[in-house]
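What follows is a set of notes on a single structure, which appears directly below.
In what follows, every chain begins at residue 1, and chains take the letters A, B, ... in the order their sequences are listed. Nothing here was measured: the structure is a model prediction, and the numbers come from that model.
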Number of protein chains: 2
Amino acid sequence: MADQKIPQVTAKRLPLYYRYLEKLHAIGKQRVSSAGLADALQIDPATIRRDFSYLGELGKKGYGYNVTYLLQFLRDFLKQDEVTNVVLIGVGNLGTALLRYNFYRSHNTKIVAGFDQDVSKVGTEIDGIPIFAMDRLSEVLALHHVEVAILTVPASVAQATTNFLVNAGIRGILNFTPARLNAPSNIRIHHIDLTVELQTLIYFLKNFPAEEDVNDFTLNSDGDD
Amino acid sequence: MADQKIPQVTAKRLPLYYRYLEKLHAIGKQRVSSAGLADALQIDPATIRRDFSYLGELGKKGYGYNVTYLLQFLRDFLKQDEVTNVVLIGVGNLGTALLRYNFYRSHNTKIVAGFDQDVSKVGTEIDGIPIFAMDRLSEVLALHHVEVAILTVPASVAQATTNFLVNAGIRGILNFTPARLNAPSNIRIHHIDLTVELQTLIYFLKNFPAEEDVNDFTLNSDGDD
DNA sequence: GAGTTTTTGTGATGAAACGCACAAAAGTGC
DNA sequence: GCACTTTTGTGCGTTTCATCACAAAAACTC
């Protein structure tokens, strides 16, 4: 209903709002203004109001936003009451950490199974999550209605694994490998590239020392060097 | 010559180019065109050419880019021959995985120490990286000239830890906690919010089935989410 | 070495997002 | 209930980034 066309950036901020509203609700706060949210989340208040305005007129002038109402609205909008099952492919260091990360408690996302080709891992459990061999994938996907996979395999097998996943019916991949994955255009892939993030941070530090606002990424190299 | 004003997005793509060029170089490829890079990296060739054009005229018309030259140029530009030491704060699941991740082999970034307040962890090593108590922080930072910290503590202590880090002289933070950190404006903070990434992926899947844009490697770094 | 092909670098245009600034509405105080 | 304050929702200018499209240059072909 609500969604016409929400800018991508907005969609990315909604979970942030949601999370903070949960916090406010937990401490019993009744109302919050865009300025209040802005302070806490370090997002411009106008941006926040604009974001909400895509969803409807959720606030009241001179008052702000009712925490409970807004929280409930976002919960519905983000379908936070439906549990989304996901699988994790590649039970290495990072994969294991993510299995233990427990997305479920705070967000209704549940890793229902891990997959690995290492036979010594198959059959074990990590934090109650069973580890299967890859050939059980289709079966598990069907059983738990899984459409999303977290990919934490070595880069060298990332593409082959992706092909396999797509074939098995996966529609969204959260890719932690540095590989650029090729997939049909209806498959949604988000990349989290840890080394790029680290390198970029270091690059900015080295090249633009002691500059503007934390939030501000304008890069003017005030001619030293 | 090189850096005047490089768009933030470009700076984020440079490590990508660098990594792929390394690969090309390793297999003995002499030249590459923006179209070739585009195919491999799933970035529009015009975007790639524009990115490089910020650094200078690195290609030759009718030829493309010389792999060795471009690689060397980027190596210099990204200061890939200098090792950057970083520390990791919070040796939990994720922290441990990152300690083992070995950024060093592929990129000249080295985690020289982990910190945790859990006394049972202090004094141990993970993959050869020693774990210290927080009160040794300043000492270690000074010894290894560290200015960057990876933050993998629980969200509840993220802000306090940040204050401590800033105080000790840290200038860049790669924040894996969901907390929005407050810090002086000269401190650079990049956020990697795993749950937001996962939730956003799921949101897009649920709401825009079968859409465009396989390639979305946006990550959030505070404002730049 | 003339003609054809490839490919860059960039001007121009478009698209997405940001954030200022303000009217309008609602709340607050006396 | 009147004056003042707060705060939203949004029109609009600005900024940032992506991409088209093409002249110019270099490379390739025969």
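- Remark on DNA chain C: of its neighbouring residues A:P7 and B:Y65, the 5'-side contact belongs to B:Y65, judged by nearest-heavy-atom nucleotide.
- The side chain of A:T47 places an N or O atom within less than 4.0 Å of a non-bridging phosphate oxygen (OP1 or OP2) of C:dG19.
- For A:A46, the listed nucleotide lying nearest its side chain is D:dT10; candidates were C:dA17, D:dT19, D:dT10.
- Distance B:F52 CZ to C:dT7 P: 15 Å, rounded to the nearest Å.
- Note: CG (A:D51) to P (D:dG9) measures 12 Å, nearest angstrom.
- One finds no side-chain N or O of B:Q8 lying less than 4.0 angstrom from the OP1 or OP2 phosphate oxygen of D:dT16.
- Judged as a side-chain hydrogen bond (donor to acceptor under 3.5 Å, both in side chains), not a single pair has a partner in residues 57-67 of chain A (not counting sequence neighbours).
- Judged by distance alone, with hydrogens and angles left aside, the side-chain atoms of A:T109 form no donor-acceptor pair with the main-chain N or O of A:V83 at under 3.5 Å.
- At a cut-off of 3.5 angstrom, the base of C:dG9 holds no donor-acceptor pair with the side chain of B:R50.
- If you check D:dT10, C:dG9, D:dT19 against the side chain of B:E57, the one that comes closest is C:dG9.
- We find that CG of A:D44 is positioned 14 Å from C1' of D:dT15, with the value rounded to whole Å.
- Applying the salt bridge (charged side-chain N to carboxylate O under 4.0 Å, His left out) test to A:R19 and every residue at least two apart in sequence or in another chain returns B:D193.
- Counting to the nearest Å, the C1' atom of C:dA15 and the CD1 atom of A:I6 are 18 Å from each other.
- Qualifying side chain to side chain contact (heavy atoms under 4.5 Å, CB included) partners for B:H144, counting only residues two or more places apart in sequence or in other chains: B:N85, B:V112, B:V140, B:V146.
- Atom pair A:I43:CD1 and C:dC18:P shows a separation of 9 Å (rounding to whole Å applied).
- Counting to the nearest Å, the C1' atom of C:dT7 and the CG atom of B:L70 are 15 Å from each other.
- Rounding to whole angstrom units, CG of residue A:L55 and P of D:dT10 are separated by 12 Å.
- Residues passing the side chain to side chain donor-acceptor pair (under 3.5 Å) test with B:R50: none are found, sequence neighbours excluded.
- Within the 4.5 Å cutoff, side-chain heavy atoms of A:Q159 are placed close to those of A:L181.
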Practice prompt. Can you check each nucleotide of nucleotides 22-30 of chain C against protein heavy atoms at under 4.0 Å and return B for base, S for sugar-phosphate only, - for none, in 5' to 3' order?
Written response: --BBBSS--
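- Atom P of nucleotide D:dG9 and atom OH of A:Y54 are separated by 13 Å, given to the nearest angstrom.
- With sequence neighbours excluded, the residues that form a side chain to side chain contact (heavy atoms under 4.5 Å, CB included) with B:A40 are B:Y20.
- As judged by a 4.0 angstrom heavy-atom cut-off over every strand, B:S34 is placed among residues touching the sugar-phosphate backbone only.
- Summary of the strand contacts: A:S53 and A:G64 both lie near DNA chain D, and taking for each the nucleotide with the nearest heavy atom, the more 5' one is attributed to A:G64.
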